> 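Following this message is one structure expressed as structure tokens.
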Amino acid sequence: MPAITVRVNGLEVTKEVDARTLLSTFIREQLKLTGTHVGCDTSQCGACVVSLNGKTVKSCAVFAWEVDDSDIKTIEGLADGDALHPMQAAFREHHGLQCGFCTPGMVMTAVAMVEANPNLTEDDIRDGLEGNICRCTGYQNIIEAVKTGAKAMRG
Ligand code: FES
Ligand code: FES
């Protein structure tokens with residue numbers, strides 16, 4: 001099996017991976033970072049979104065071997081110790097979750113959207129979250145959370 005070396009949430013790791021191993025499986029099962037969720041087998045739900053070299057990807061749609069020598073950030077890498085990332089705090093404040101299954105992907109996508117465009121409109125937020133499905137909330141609280149998170153990230 002080939003080995004890959006990646007930097008995950010700032011820590012370098014080297015692991016052997018099977019040619020068929022998906023990045024989502026690598027993250028969850030080999031790195032034990034189970035905040036990245038797997039909610040479908042059709043690359044539609046967005047629960048598995050992580051940051052790969054600064055861009056969001058659905059980690060269930062990428063093979064682990066493809067990410068050799070990459071920087072990966074997962075939901076576990078957002079908080080600063082006990083201090084939640086402003087986007088995580090905004091989701092908590094606005095009750096932007098119910099079961100929480102979609103939340104890691106929602107938050108990772110939202111953070112990347114704000115980093116790319118700090119002045120998002122509500123339409124931008126709705127468009128940007130198109131690839132993230134929530135089966136519980138009806139989305140309105142998620143939209144409010146992203147607006148507040150964006151404002152907090154702007155400082
Ligand atoms: S698990 Fe990746 S999109 Fe659903
Ligand atoms: S909070 Fe349950 S799927 Fe989104």
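All residue numbers in this chain count up from 1 along the given sequence. Since the structure is predicted, the reported quantities are computational estimates derived from the model, not experimental observations. All ligand and atom numbering here is 1-based and tracks the order in the structure.
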> Going by chain and residue number, what protein N/O/S atoms come nearer than 2.8 Å to atom 2 (Fe) of ligand 2?
C99 SG, C136 SG

> At what distance, to the nearest 0.5 angstrom, does CZ of R28 lie from CG of L22?
12.5 Å

> Considering only NZ, NE, NH1 and NH2 on the basic side and carboxylate oxygens on the acidic side, decide whether R126 and E130 come within less than 4.0 Å.
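So R126 does not pair with E130 through a salt bridge.
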
> Just by distance, do the side chain of S51 and the backbone of T56 share a donor-acceptor pair under 3.5 Å?
no

> Could you list the donor-acceptor pairs under 3.5 angstrom formed by side chains in residues 77-88, with sequence neighbours left out?
| unit_1 | atom_1 | unit_2 | atom_2 | d |
| --- | --- | --- | --- | --- |
| H85 | ND1 | M87 | N | 2.9 |
| Q88 | OE1 | H85 | N | 2.9 |

> Judged by atom type as modelled, is there a donor-acceptor pair below 3.5 Å linking the side chain of R7 to the main-chain atoms of D69?
yes

> Pairing donors with acceptors under 3.5 angstrom, does anything connect the side chains of T5 and D68?
no

> Residues in ring pair (Phe, Tyr, Trp, His ring centres under 6.0 Å) with H37, at least two apart?
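Result, ring pair (Phe, Tyr, Trp, His ring centres under 6.0 Å) vs H37: F101.
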
> Sum up the protein N, O or S atoms located under 2.8 Å from atom 2 (Fe) of ligand 1.
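For atom 2 (Fe) of ligand 1, the figure is 2.
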
> Does any N or O in the side chain of E29 come within less than 3.5 Å of the main-chain N or O of S24, such that one atom is a donor and the other an acceptor?
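Between the backbone of S24 and the side chain of E29 there is no qualifying donor-acceptor contact (under 3.5 Å).
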
> Taking atom types as modelled and ignoring hydrogens, do the side chains of D18 and T21 form a donor-acceptor contact shorter than 3.5 angstrom?
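The criterion, which ignores hydrogens and geometry beyond distance, is not satisfied for T21 and D18.
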
